Structure formats: structure tokens, C-alpha cells
Protein chains: 2
Amino acid sequence: MKDIARELGVSVATVSRALSDSPSISRERRQAIQQFAREHNYFPNVIAEQLRHSRRNPSRAIGVIVPELVHYYFSSILDGIESEASSRGYHLIVAKSNESYEREVQICEAMLKNKVCGIIVSQAKDTERYDHFEHLTTAGVPLVFYDRICPALNASRVVVDDYMGTMNAVSHLIETGCKRIAFYGASMNMMIAKNRFNGYRDALYKYGLTLDEDLVRICDNRADAERITPAMMHMENRPDAFFAVNDETAIGILSVVKRMGYTVPDDVSICGFTNGFRATVCDPMLTTVEQRGTQVGKEAADILIGLVEGTLSPDHAEKRIVKTRLVIRGTTRHP
Amino acid sequence: MKDIARELGVSVATVSRALSDSPSISRERRQAIQQFAREHNYFPNVIAEQLRHSRRNPSRAIGVIVPELVHYYFSSILDGIESEASSRGYHLIVAKSNESYEREVQICEAMLKNKVCGIIVSQAKDTERYDHFEHLTTAGVPLVFYDRICPALNASRVVVDDYMGTMNAVSHLIETGCKRIAFYGASMNMMIAKNRFNGYRDALYKYGLTLDEDLVRICDNRADAERITPAMMHMENRPDAFFAVNDETAIGILSVVKRMGYTVPDDVSICGFTNGFRATVCDPMLTTVEQRGTQVGKEAADILIGLVEGTLSPDHAEKRIVKTRLVIRGTTRHP
DNA sequence: ACGGACTGCGCAAACGATTGCATTCAATTA
DNA sequence: TAATTGAATGCAATCGTTTGCGCAGTCCGT
């Protein structure tokens with residue numbers, strides 16, 4: 001700008017005004033300046049702009065904290081956030097917590113320092129203190145949780161309808177003739193685990209089945225599934241179906257029961273939760289609850305941007321629930 | 001800082017120096033200021049710092065451009081970049097090009113404006129002009145390519161050893177008794193496609209097999225694989241093995257030949273490339289070339305940071321090749 | 001007692017933009 | 001003719017830091 005001003009024999013202020021199309025600069029001068037700027041491909045220094053506007057205008061950088069990156073669901077969510085954000089003129093600063101509380105705190109501080117306009121976060125598994133989040137809110141940085149929300153904080157959030165998703169899935173198992181349905185869930189201190197379990201329980205009740213504690217296990221990965229499933233199948237009264245908290249676990253079950261000589265879905269039905277890459281790769285293909293990560297991501301970004309731009313009030317915590325969809329494939333019988 | 005200065009009755013300059021531990025401020029004053037700052041949890045405004053230093057110091061933001069996010073290999077690379085970058089004090093601005101040239105150009109401009117210290121990029125499939133990249137380099141923003149590199153530009157890059165990876169995989173197929181090996185590759189305008197083909201060709205030569213053009217097809221996704229594979233298997237002289245350019249395609253082949261009643265690996269061997277989630281989910285599990293995306297990402301970040309910090313010269317294009325590893329599983333016979 | 005060296009600190013100019021207010025000059029009005 | 005008005009532009013402060021330079025004051029040696 002200084003150069004332009006010098007070349008054209010005007011003041012920097014005039015250049016600034018001309019470039020922002022201020023009517024207080026005469027038409028000819030304005031156009032001359034604009035053209036000159038274009039020809040010498042001038043573009044404004046965002047840093048300086050931000051510094052000048054730091055009091056009034058937030059930046060256009062959204063911080064995103066992900067527990068891990070190589071993960072279908074989180075990738076989908078990130079994808080959704082990216083789409084929504086970029087189409088509305090925001091960009092993303094992405095960091096992964098590695099499921100570590102310490103790292104999460106560091107990241108929050110770094111993002112605060114880097115003046116993000118808001119943060120979209122899914123907590124690390126071992127996060128049990130929330131001061132770092134509260135710290136952000138009091139610093140005026142809006143926060144939106146996804147997937148793993150923080151029940152202690154009344155913050156905006158978007159989650160998947162774990163309860164209904166599981167309920168429908170288990171109902172489907174029952175309707176296709178299953179009577180003893182095992183449930184492999186995650187440890188109950190996470191909301192999502194609890195909600196899915198409740199969905200399972202209520203589906204059983206709805207159809208008059210009783211809940212057998214022996215059929216409920218904590219297991220949310222393939223290795224564990226392969227370890228504990230044989231014993232399940234050797235019970236005197238073995239399960240005729242499995243509901244797993246994610247596809248990975250379901251695949252573990254599938255591989256075990258196939259290896260043991262059972263036929264899927266006729267001897268044993270299996271249902272997962274995610275509908276990621278894996279679901280269409282196994283044989284038979286996996287019946288599973290579509291988690292719609294992209295949609296979750298979009299909603300989260302939408303809320304955050306709403307908060308930033310003031311169309312949503314920061315006092316009211318916006319809570320959105322994304323509906324799931326049951327995708328029936330080969331590991332369950334058809335109705 | 002101004003507040004601190006006022007409260008403690010010193011000048012802002014003194015505060016600044018005290019906070020940066022300058023020896024030109026007396027010990028007592030320095031400590032008093034530091035403590036006061038800590039107690040009132042002051043932290044410096046990065047924007048202002050950056051503005052001040054914009055001439056000399058680059059920012060610590062690395063721009064990352066990904067063609068897509070919901071993709072095992074790209075997720076792994078992003079993961080690698082994140083790990084390396086964050087451990088060295090950099091953060092990531094991530095954008096996805098959606099395989100679109102237009103979007104890629106937009107992103108480059110936006111990142112330039114946002115003053116990233118460098119960019120790590122894999123080109124969109126339809127990118128054929130490179131002015132936007134050259135534009136960045138002339139603007140002094142270092143560039144590192146990964147996966148899909150730009151042969152026209154002599155830029156730093158890190159790629160996987162596609163040639164040797166494929167060569168080894170095809171050799172393995174031959175050594176386990178396969179004689180007619182089909183090759184499903186991507187369109188040859190991408191370097192990676194060409195290198196993999198060359199590896200295939202040379203492996204055949206090495207073992208004295210002749211290359212049959214009928215066995216070479218352009219096919220890099222599951223749908224296409226499912227469409228064209230039946231015809232391949234109906235040839236009078238059908239292939240006894242398939243090498244596919246990625247796991248997804250290999251899975252497509254697997255599902256078709258199983259459905260047609262062939263046994264894998266005895267009737268037909270199959271080998272993929274990636275070693276992503278899918279590889280351990282299908283039945284039998286997929287023999288594939290481990291692509292080590294995380295390592296690629298780390299190397300890319302390492303180069304970029306080297307360039308930024310001046311340990312690597314911008315004049316010399318650093319080219320790194322990440323070794324692959326053949327993971328032998330159930331879709332090929334064992335040696 | 002005076003020059004030099006050193007210590008500890010403040011002034012003010014930068015970084016690159018924006019913007020309220022003052023200024024200039026010409027045209028219009030009384 | 002003098003005053004009023006309006007348009008077009010410039011001045012200078014500001015955003016929050018950093019930093020070269022200069023200015024006091026103290027201490028020492030001669």
C-alpha cells in the first residue's frame with residue numbers, strides 16, 4: 001500500500017479507502033488505484049488486518065480437535081466440517097489429541113494463542129477435567145462438542161442418535177428371529193456407550209425379551225472381540241446374534257464365528273455401528289448403523305459459525321442430534 | 001502489556017524485555033514483571049508478534065492440501081504430518097481440494113494470504129496447470145509434494161517406492177506359482193500409475209514371463225473392478241493372479257472371483273496396494289503392499305520444516321522415497 | 001574532578017492496515 | 001462578497017509487540 005501510495009502520489013489512507021471502494025474517494029482515483037493494485041498483484045496482509053480488527057472481528061480460523069485421524073468416523077466428521085467451513089469462508093486448524101488429556105490441554109492453549117474464532121472438539125478418552133474447556137469459554141471462544149460430549153459442561157454439541165440407532169438395530173435383529181442378542185459396548189463412562197446400551201435394553205423390553213447380563217460385555221475393538229467371542233459361543237445357551245458398538249468389533253465377531261463353523265446370518269446374526277469402509281468388505285457384508293459422520297461435521301461447523309457470527313446465542317447451548325439409518329446387509333436375515 | 005506497565009510503573013518496552021528475559025533489565029524488576037504477568041495470566045498476542053516479525057520470521061502454520069479426507073492413505077499421511085509438525089512446534093491448516101483444480105487454486109491463494117510458512121500438497125487428479133504452485137514458490141513459500149507429485153516442477157517431494165513395491169509384489173506372485181498375472185492400474189498420466197506399471201513389467205521380465213496387453217487394464221476402484229473382472233475370468237486363457245493398484249480394487253476382484261466359485265488363493269491369487277483397514281477385513285485377508293502413509297507424512301513435514309528453518313536449501317529439491325513392505329496374507333499362496 | 005564504561009530503563013519508530021477528524025479547495029448560496 | 005456547503009484527500013492515532021538508540025545515573029581509574 002505504501003508503494004502504491006508513493007507511485008500514485010497519494011496517501012496510504014486514500015489507497016486503503018480506494019481499495020475498500022469507499023465513496024469518499026473520487027471515481028477516477030479509486031479506479032486508478034484499484035487497477036494499479038491489481039496489476040501489481042497486491043493483496044492485503046491478513047495479519048495486519050487482523051491486528052487492526054482484533055477488537056471487533058474474530059479471525060476466520062476454526063480449531064478442530066480430533067482424538068485420532070486414521071479413523072473412519074473421525075475422518076468423515078473432519079470432512080463434513082471442512083466442507084461446511086470452507087464453503088462459508090472459514091479455514092481449519094486441525095490437531096489430534098492422541099486420546100491424551102495433556103495434549104488436549106496444550107492444543108487448547110495453542111489454539112487460544114493463535115486466535116481461532118472457535119473450537120470444535122471431541123474429548124480424548126482420558127479427559128476427566130474440564131478447566132481447559134471452561135477456560136476457553138470464559139476467554140470468549142465458542143466451543144462445540146461432537147461425538148464424545150462433555151456432560152458436565154452445558155456446551156453446544158452434536159451427536160448421533162445412539163439410542164434410537166441401537167434400538168432400531170436390535171429391533172431388526174429381534175424381528176428377524178433372534179432371541180438371545182449379545183451386546184458388546186464400550187466402557188460406560190462415555191455417554192455414547194450408555195445411550196447405546198439403553199437402546200439395546202429398551203428394544204429387548206419392547207419385545208418382551210429379558211436382559212441377560214451374561215450377554216453384555218465391554219468390548220470395543222477387534223482384538224478383544226476375537227478373544228472373548230469363542231467363550232460366548234461355547235455357553236450352554238449361546239447367543240444367536242451380536243450387536244457391536246462399532247464395525248471393527250463386529251468384524252472381529254464375524255471372523256470368529258465363521259472360523260468356528262457357524263453360518264452368518266443363519267446361525268448367528270451380527271450388527272455393527274458406523275458403516276465405514278469395513279462394512280462392505282467383509283463376507284457377508286455387514287449390517288450396521290450408518291453414523292453419518294459427514295452430517296455430524298457439517299452440523300457442528302454450522303453451530304460454531306452461527307455462534308461466531310452471532311446468529312446463535314452463546315447463552316443457549318445448541319444441541320443437535322443426527323438421525324442414524326440402519327443399513328441391512330448380509331450379516332442379518334432380511335425381514 | 002500496557003496494563004502491566006501502568007500497574008508496575010514502568011514502560012511497555014521494559015515489560016516486553018522483562019518478559020523475554022532480557023539481561024538488560026534488572027533481575028528484581030524482571031521477576032516482578034514476570035510474576036505479575038503470570039498472576040494475571042497474560043499471554044502475548046500472536047497476531048501482533050507476527051506482524052512485528054513478518055519481515056524476518058515465518059509463521060508456524062503449515063498448509064496441508066489433501067485431495068480427499070475420507071481415505072485411508074490420505075488420513076495416514078495427514079496423521080504423519082500432524083505428529084511431526086506438532087512435535088516440532090508447528091500447527092496445521094488443512095484443506096481438501098475435492099480433486100478439483102479450481103478449488104486447489106483457491107486454497108493456494110487463501111493459504112498464501114493467511115501466511116502459512118509452507119505448503120504440503122498432493123495434487124488434485126484434474127490439475128494440469130501449475131501456475132498456482134509456481135506462484136507460491138516465487139512468493140517464497142516452500143512447497144513439498146507427496147503421493148501425487150508434479151513432474152513438471154522440480155520441487156521437493158516424498159513418494160512411496162511404487163516401482164519396487166510393485167516389483168516385489170509381482171515377484172511374490174510369480175514365485176508362488178502364478179504365470180498369468182493381470183494388472184489393474186490407474187490412468188497413466190499420474191506418476192504413481194506409471195511407476196507401478198513399470199514395476200509390474202520388470203518383474204515379469206525378470207522371471208522371463210511375457211507381458212500380455214490383454215491382462216493390463218485401467219481400473220482403480222471397486223465398482224469398475226466388479227464390472228470388468230468377470231470378463232477377464234471368462235477369457236480362454238484366464239489370469240491366475242491379479243495385482244491391483246489399491247486395496248479397494250483388489251477387494252472388488254476378490255468378491256467377484258469368490259462369487260464365481262473360484263478359490264482364493266489356489267485358483268486365483270490377489271494382491272493389493274495400501275494395506276488399509278480393508279486388508280484385514282476381507283476373507284481371506286488381503287496380501288498387499290504396505291504404503292506407510294504415516295511415514296510419508298512425517299518425511300514431508302520434515303522436509304518442509306527443514307526448508308522453513310533453513311537447514312535445507314530451497315534451491316535443491318529434496319526427493320525422498322519411502323520403502324514399501326509386502327504384507328503377505330491369505331489372498332496369495334505362501335512361498 | 002573529569003572522562004569513560006557500564007547498568008537500567010524509556011522514547012519512539014516500526015510491522016501493515018483502518019478510520020475519525022481536520023483540512024483543502026471549489027462550487028453554491030445568501 | 002462573504003459565508004456555507006460538500007467533495008476529496010491527508011494526518012495521525014490505533015491494534016499489541018519489538019528493538020535501536022539515547023539518556024540518566026553509578027562506579028571506577030587517573
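Just so we're clear, the structure is a prediction, and the values are computed from it rather than from any experiment.
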Check your understanding: Hey, is the side chain of R52(B) pairing donor to acceptor with the base of dA14(C) inside 3.5 Å?
Key -> yes
Exercise for review: Mind calculating the distance between CD (E28(A)) and C1' (dT9(D)) to the nearest angstrom?
Suggested key: 13 Å
Review point. Parallel, tilted or perpendicular: which fits the ring planes of Y130(B) and F133(B), with parallel below 30° and perpendicular above 60°?
Key: parallel
Point to revise | Nearest-Å distance for atom pair NZ/P, residues K115(A) and dG16(D) | key: 9 Å
Check your understanding: With respect to the phosphate group of dG10(D), does any side-chain polar atom (N or O) of T14(A) fall under 4.0 Å of OP1 or OP2?
Key -> yes
Practice item. Find which nucleotide of DNA chain C each of L51(B) and S11(B) is nearest to by heavy atoms, and output the residue with the more 5' nucleotide. Key: S11(B)
Review point. What is the distance from CD1 of I33(A) to C1' of dA8(D), rounded to the nearest Å?
Key: 11 Å
Check your understanding: Start at the 5' end of DNA chain D and walk down; is the nucleotide closest to R17(B) or to N45(B) reached first?
Key -> N45(B)
Point to revise | Shortest side-chain distance from S54(B), nucleotide among dC11(D), dC9(C), dC15(C) | key: dC15(C)
Exercise for review: Looking at every strand, decide which applies to S26(A) at a 4.0 Å heavy-atom threshold: base, sugar-phosphate, or nothing.
Suggested key: sugar-phosphate
Check your understanding: So S22(A) and S20(A), side chain to side chain donor-acceptor pair (under 3.5 Å) or not? Walk me through it.
Key -> CA-CA 6 Å; S22(A) 156; S20(A) 60; 5.6 Å; no
Practice item. May I have the distance from N57(B) (atom CG) to dT17(D) (atom C1'), rounded to whole angstrom? Key: 13 Å
Check your understanding: So with a 6.0 Å cut-off around CZ of R88(A), is the heavy-atom count from everything else above 12?
Key -> yes
Practice item. Step through the shown structure and confirm whether more than 12 heavy atoms of other residues, nucleotides or ligands are within 6.0 Å of CD on E102(B). Key: no
Point to revise | Proximity to the side chain of A13(B) - top-ranked nucleotide from dC11(C), dC15(C), dT17(D) | key: dC11(C)
Check your understanding: So what does S24(B) hit on the nucleic acid, given a heavy-atom distance under 4.0 Å: a base, only sugar-phosphate, or nothing?
Key -> base
Check your understanding: Under 6.0 Å from the NE2 atom of H135(A), do we count more than 12 heavy atoms belonging to anything else shown?
Key -> no
Exercise for review: Classify the side chain of R29(A) versus the base of dG10(D) as yes if they form a donor-acceptor pair under 3.5 Å and no if they do not.
Suggested key: no
Point to revise | Nearest-neighbour nucleotide for the I25(A) side chain, dC15(D), dT17(D), dT9(D) considered | key: dT9(D)
Exercise for review: Establish, with yes or no, whether the OP1 or OP2 oxygen of dT14(D) is under 4.0 angstrom from a side-chain nitrogen or oxygen of H53(A).
Suggested key: no
**Study point:** Nucleotide dT17(D), atom C1' - distance to CZ of F43(B) in whole Å
**Key:** 14 Å
**Study point:** Distance in angstrom units between L19(A) CG and dA17(C) C1', rounded
**Key:** 11 Å
Point to revise | Whole-Å distance separating the CG atom of D3(B) from the P atom of dT17(D) | key: 10 Å
Exercise for review: With the side chain of M1(B) defined as its heavy atoms from C-beta on, choose the nearest nucleotide among dC9(C), dT17(D), dC11(D).
Suggested key: dT17(D)
Check your understanding: Counting only heavy atoms not in K319(B), do more than 12 fall under 6.0 Å of its NZ?
Key -> yes
Exercise for review: Would you indicate, yes or no, if dC15(D) has its OP1 or OP2 atom less than 4.0 angstrom from a side-chain nitrogen or oxygen of K2(B)?
Suggested key: yes
Exercise for review: Measure from CD1 on I4(A) to P on dT9(D) and round the result to the nearest Å.
Suggested key: 16 Å
Review point. Quick one: which of dC11(C), dT18(C), dG16(D) gets closest to the side chain of V12(A)?
Key: dT18(C)
